[in-house]
Amino acid sequence: MKLEQGSVATPYSFDASVYQQFQAISTLDVGFASLETRVVSAEGSITTLQSSMTSTNGSISTLQTNVSSLSGAVSTLQSSSTTQAGQISTLQSTVASQGATISSNSQAITTMQGSLATLSNVVNASSSPNLIPGIEIGLTGWYGDGFSRTISGGWGMIAYRNSPFTGLAFLDSPIVPAFQFKAYTAAADSSLFTTGMGSTRVEILFKDGAGNIIGNPQSQSRYAAPNADFVDDGSSRATLTASGYAPAGTVSVQVRLTAQLDSGSLSAIGWRQVKLEQGTVATPYSGEASAVQTFQAFSDLNGSVATLSSTVSAQGAQVSNLQTAYSGLNGTVASLQSTVSAHGASISSLQSVQSTHAGQIATLNTQIVSGGGNLLQNTDFAIGTTGWSFNQQGTAHSGGRDLLGDNYRPLNEHNIAIYHSNNNGADYAYWAADRVAIVPGKIYEFSAGIANNRANCALYLRYVYGDGSIAQDFTVAKNYFSEGRLLENFPTFFVRGQAPAGAWWVECLLLKSGTSPGYADSYAWFVRPQLVEVPTVSGGPAAYSPGATGAVVSQQAQAISSATGQLSTLSSTVSAQGAQVSNLQSAYSGLNGTVASLQSTVSANSASISTLQSATSTLQGNVATLTTRVSASGGNLLPNGGLENGFDTGVSDPGGFNFVAGGWGPIAETTANGLHIFYFSPVENPQIGAQYTVAMDPLNFGASDIYCNIVCVDSAGNVLLDGTPGTQISGGDFSNNDDRRARSACTVTVPSNTARLIVRAYGTVRDGQPIGFRRVKLERSNTWSPYTVEASIAQQFQTLSTLSTQYASLSSTVSTQGVTISTQATAISTLQSNVTSLFAKWSLELDVNGYVSGMVTNNNGTRADLTLRMDKVKMVTPSGLGGYWQVIFDGQGRPTQTIGDDASGVMIEIGYLA
């Protein structure tokens with residue numbers, strides 16, 4: 001049973017099922033998250049894009065000239081065809097009908113692309129599994145005096161307490177297993193109602209084998225003065241988020257929900273949407289239903305593309321008749337004129353788009369030059385204080401945005417402020433930005449504009465260890481007063497410091513001290529806070545930027561890339577049309593009497609070469625996009641991770657495993673009792689500080705176990721880090737759905753002085769029960785991806801690209817020479833299904849008055865061959881220059897070959913063919 005907000009009932013699911021769906025989706029589209037580039041790399045791409053746009057302008061001018069020339073040729077042909085206008089009208093109607101079909105296919109592809117974009121957004125927004133049982137299904141295993149479950153109106157099921165207490169009240173989650181050195185994040189939504197003041201926070205308790213707490217990351221406190229209810233905008237969960245890495249010796253983890261009563265009495269405490277997950281980012285509490293729906297949408301997309309592929313294959317069978325009829329095609333002259341005119345309009349439209357993108361490039365350059373890479377969020381406070389938390393020592397301080405109104409903030413700027421209502425000099429308060437992950441050894445600068453009245457202020461750059469303890473503070477103070485509406489009344493103060501070894505986070509604090517002696521109260525205002533990475537500890541401050549521009553760069557770069565692709569397609573289309581016009585001029589002398597038979601032929605066929613070329617081009621674009629996305633996930637750093645070459649290459653020690661090739665492909669397997677360790681050849685010179693992940697498809701039965709991990713060693717072979725392997729996998733065979741692969745994954749962050757990475761697969765055979773592995777993949781990433789998906793998709797894209805080129809060549813050849821072409825439809829219809837199994841056959845036959853030439857190629861997975869039937873074969877470089885090889889058969893079938901690097905060459909007679 002499931003109750004949810006919204007007007008649509010979504011499928012019921014637990015976090016575990018969502019995790020499986022998410023992994024399946026990651027198999028198809030794991031590269032999505034990696035496609036977003038940093039501003040630094042995007043800036044380099046902008047220069048290349050500008051050069052491409054300059055070339056594009058020249059291409060457009062050339063295309064316009066071509067279109068003008070084509071229009072003149074068409075006019076000549078049209079004047080010669082006036083006697084056949086009636087018959088041409090019927091053909092035009094047929095072509096128009098085919099054009100409507102193309103438009104329908106285009107709209108369908110656009111819809112599918114929208115579904116894919118929606119899928120990307122939803123999957124990126126959600127779904128790491130919840131490691132603890134939710135409050136919604138009961139409090140079994142939870143511990144906390146006075147807590148019970150109740151339904152709280154629209155907030156749903158909550159954990160609730162209204163009995164009195166003093167000091168602290170805890171609600172502890174069930175204890176669940178954990179792995180040392182792994183990152184964990186906990187988040188929750190709280191409500192607290194008091195007659196005074198109190199707060200709530202979330203803690204993570206890492207425990208060793210004896211149950212002792214050995215790590216305790218905590219969230220920021222959420223204050224209630226006197227009341228703070230649940231919220232549905234995510235701000236409460238953002239504040240109540242704790243994150244940290246499990247220290248050495250960790251075997252279990254627990255979430256502690258803490259409420260603190262500072263004054264007054266309790267009315268009620270409430271907790272909901274409590275989630276513990278692996279990783280350093282708190283994901284939305286429940287996005288399972290949306291993930292399932294969008295995954296289904298993606299499945300529909302795959303089905304639609306498959307249907308389109310089948311349609312193209314079916315149309316291929318009609319190409320032969322259509323190409324034969326095309327030799328006498330004069331009725332297409334009027335249609336071709338309309339097409340050329342339409343392409344002219346498309347060129348004008350593309351020019352407008354290109355002009356727009358040129359402006360976007362200029363804007364983007366301005367953003368990159370002016371943007372300083374601010375690592376903080378909401379630094380202009382346009383959305384209130386989101387991303388910032390207020391903290392105080394004492395009870396007389398309060399914080400907010402734009403305190404005292406417009407007279408105490410710069411024109412067109414917002415600020416966050418602190419007010420102290422008494423003169424207790426020992427009190428203080430501060431605003432803290434959300435923690436930012438940093439790289440040890442890097443230098444960072446924290447700056448802000450400060451105005452203050454009757455109290456001093458300071459900036460803190462605080463580096464923090466993974467357990468939440470302070471590694472080092474850097475600070476700068478402002479000890480004089482200023483206020484007003486001008487930005488110069490808010491002078492910029494800054495502090496720089498190098499991140500110490502072992503630090504994980506940086507905290508940026510805007511602090512106000514207690515009221516100075518002799519005054520009754522005091523204020524402080526802060527504007528334009530900024531955290532940036534800088535090259536040295538000297539100099540500063542860096543120019544202010546409201547935030548990183550990475551998303552803008554990514555979006556505009558994608559738009560420019562799309563426009564370039566459209567121009568390329570348009571250029572190819574106009575070029576092909578130009579060839580068709582030229583061919584029509586040559587063949588026009590034999591057109592008399594062919595129009596009537598052409599009408600009958602066209603009516604009998606439901607497709608045309610233009611339809612086939614458009615459908616193939618669309619499918620090619622989809623596959624190209626898929627290739628780009630999957631390739632972005634990164635290749636396999638192990639040259640023989642799939643054991644395709646047995647143990648001969650890429651293996652330093654098989655460790656007692658045996659090589660087997662069977663139904664699961666090449667595998668390593670053993671049934672000999674005892675421990676076995678398989679070593680792949682080391683990967684040299686990994687990137688220090690980068691993350692690497694290894695995963696495999698495991699086999700283990702009975703009590704036997706199997707793992708994989710990464711070992712980081714220095715140049716002398718000393719072990720610097722022995723990576724923690726993935727979860728122990730219960731017995732089972734290999735799998736193609738990646739569920740066992742996901743649980744085997746091991747991720748490490750490469751420490752200093754690492755010279756090489758060693759990948760191991762190891763396990764223990766007990767009672768003769770076998771262990772084994774296959775498809776091992778090492779990649780530079782913080783997550784695993786499917787094994788070598790990139791290669792198969794790239795092969796499919798190359799095959800389709802070749803097919804499209806062959807169709808264009810066939811069209812030109814038919815129009816020019818008037819020959820009969822018969823392309824075997826089975827090659828097209830089986831192309832899609834045979835790509836993945838690598839079994840294919842393709843042939844081409846040209847028959848001119850019974851004189852037949854052509855070629856055929858076969859691939860059955862173990863052998864491939866190519867047979868050519870022709871009088872002369874010649875191979876040259878694409879430029880036509882340099883060396884060449886040529887074979888000519890004489891009238892008796894004897895071959896002579898020429899090999900050389902100039903026109904004279906060397907003639908060698910090689911005898912009769914067998």
Side-chain angles (χ1 to χ4, degrees), residues 179-181 636-684 686 692-736 738-748 750 754-779 784 786-788:
F179 298 99
Q180 60 182 357
F181 309 126
N636 195 347
L637 300 181
L638 297 177
N640 189 28
L643 304 177
E644 292 85 355
N645 299 318
F647 294 170
D648 296 334
T649 60
V651 177
S652 60
D653 184 0
F657 282 90
N658 301 311
F659 175 76
V660 180
W664 290 106
I667 68 171
E669 184 182 43
T670 181
T671 58
N673 287 334
L675 176 65
H676 302 272
I677 306 177
F678 185 102
Y679 291 90
F680 285 93
S681 299
V683 176
E684 304 291 339
Y692 290 78
T693 296
V694 66
M696 67 179 182
D697 187 14
L699 162 74
N700 61 306
F701 288 100
S704 300
D705 54 50
I706 183 76
Y707 302 90
C708 66
N709 79 329
I710 304 172
V711 180
C712 303
V713 299
D714 61 17
S715 57
N718 299 311
V719 176
L720 303 178
L721 175 63
D722 190 353
T724 303
T727 306
Q728 165 59 35
I729 302 170
S730 59
D733 204 350
F734 295 118
S735 171
N736 284 326
D738 283 337
D739 57 335
R740 291 165 61 81
R741 181 181 190 83
R743 286 179 283 168
S744 76
C746 167
T747 299
V748 301
V750 179
T754 298
R756 61 186 63 91
L757 303 180
I758 299 175
V759 173
R760 306 186 305 174
Y762 61 94
T764 301
V765 175
R766 298 178 178 89
D767 301 326
Q769 296 291 334
I771 62 174
F773 62 88
R774 66 173 192 143
R775 293 187 170 184
V776 184
K777 182 175 182 180
L778 174 67
E779 54 195 311
W784 65 275
Y787 179 77
T788 59

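Since the model is a prediction, treat every value here as computed from it, not as a measurement. Side-chain atoms are counted along with the backbone in the values below, which use heavy atoms only and exclude waters and symmetry mates. Residue numbers run from 1 in the order of the sequence given.
When every heavy atom of Tyr762 is checked against every heavy atom of Pro725, the shortest pair comes out as OH-CG, 3.4 Å. Across every non-hydrogen atom of Gly723 and Cys746, the tightest pair is C-SG, 3.9 Å. Heavy-atom minimum distance, Trp784 versus Ala742: CZ2-CB, 3.4 Å. Residues Gly646 and Phe659 come closest through the heavy atom pair CA-CE1, 3.5 Å. Between Lys777 and Tyr787, the shortest heavy-atom distance links the atoms CB-CD1, 4.0 Å. Taking all atoms of both residues into account, the shortest heavy-atom contact from Pro698 to Phe734 is O-CD2, 3.6 Å.
For the atom pair CD1 (Ile710) and OH (Tyr692), the distance works out to 9.5 Å, reported to the nearest 0.5 Å. Taken to the nearest 0.5 Å, the SG atom of Cys712 stands 13.0 Å off from the CG atom of Asn718. In this structure, OG1 on Thr754 lies 8.0 Å from CG on Asp714, to the nearest 0.5 angstrom.
A side-chain contact (heavy atoms from CB on, under 4.5 Å) with Val750 is found for one member of Leu757, Leu721, Leu720 and no other, namely Leu757.
Residues that satisfy the ring-ring contact (aromatic ring centres under 6.0 Å, His included) test with Phe680, not counting sequence neighbours, are Phe678.
Looking only at distances, a side-chain donor or acceptor of Ser704 sits under 3.5 Å from a matching main-chain atom of Gln769. When atom types are taken as modelled, the side chain of Ser744 and the backbone of Met696 share a donor-acceptor pair closer than 3.5 angstrom. In this structure, the side chain of Arg740 engages the main chain of Asp733 through a donor-acceptor pair within 3.5 Å. Asn645 contributes no side-chain N or O that, together with a main-chain N or O of Asp648, makes up a donor-acceptor pair within less than 3.5 Å. Asn700 places no side-chain N or O within donor-acceptor distance of the main-chain N or O of Ile706, the cut-off being under 3.5 Å.
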For the pair Asn640 and Phe647, evaluate side chain to side chain contact (heavy atoms under 4.5 Å, CB included) and give the outcome as yes or no after the intermediate values. CA-CA 8 Å; Asn640 189 28; Phe647 294 170; 6.0 Å; no
Please lay out, stage by stage, how Val694 and Asn709 fare under the test side chain to side chain contact (heavy atoms under 4.5 Å, CB included). CA-CA 7 Å; Val694 66; Asn709 79 329; 5.6 Å; no
Please step through side chain to side chain contact (heavy atoms under 4.5 Å, CB included) for the pair Leu638 and Val759, ending with a clear verdict. CA-CA 9 Å; Leu638 297 177; Val759 173; 4.1 Å; yes
Under the criterion side chain to side chain contact (heavy atoms under 4.5 Å, CB included), I'd like the reasoning laid out for Thr727 against Phe179: C-alpha separation, chi angles, the key distance, then a yes or no. CA-CA 9 Å; Thr727 306; Phe179 298 99; 3.7 Å; yes
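Salt bridge present: Asp697 and Arg774 bring a charged side-chain N and a carboxylate O closer than 4.0 Å. Looking at Asp722 and Arg760, a side-chain N of the basic residue comes within less than 4.0 Å of a carboxylate O on the acidic one, giving a salt bridge. A salt bridge links Asp705 with Arg766: the distance from a Lys NZ or Arg NE/NH1/NH2 to an Asp or Glu carboxylate oxygen falls below 4.0 Å.
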Exercise answer: donor-acceptor pairs, residues 667-676 side-chain atoms, under 3.5 Å, sequence neighbours excluded:
residue : atom : partner : partner atom : Å
Thr670  : OG1  : Ala672  : N            : 3.2
Asn673  : OD1  : Asp767  : N            : 3.3
Asn673  : OD1  : Gly768  : N            : 2.7
His676  : ND1  : Gly655  : O            : 3.4
His676  : NE2  : Ala672  : O            : 2.6

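In this structure the side chain of Ile758 reaches within 4.5 angstrom of the side chain of Val713, judged on heavy atoms. Counting heavy atoms from C-beta outward, Arg775 and Asn736 have side chains that approach closer than 4.5 Å.
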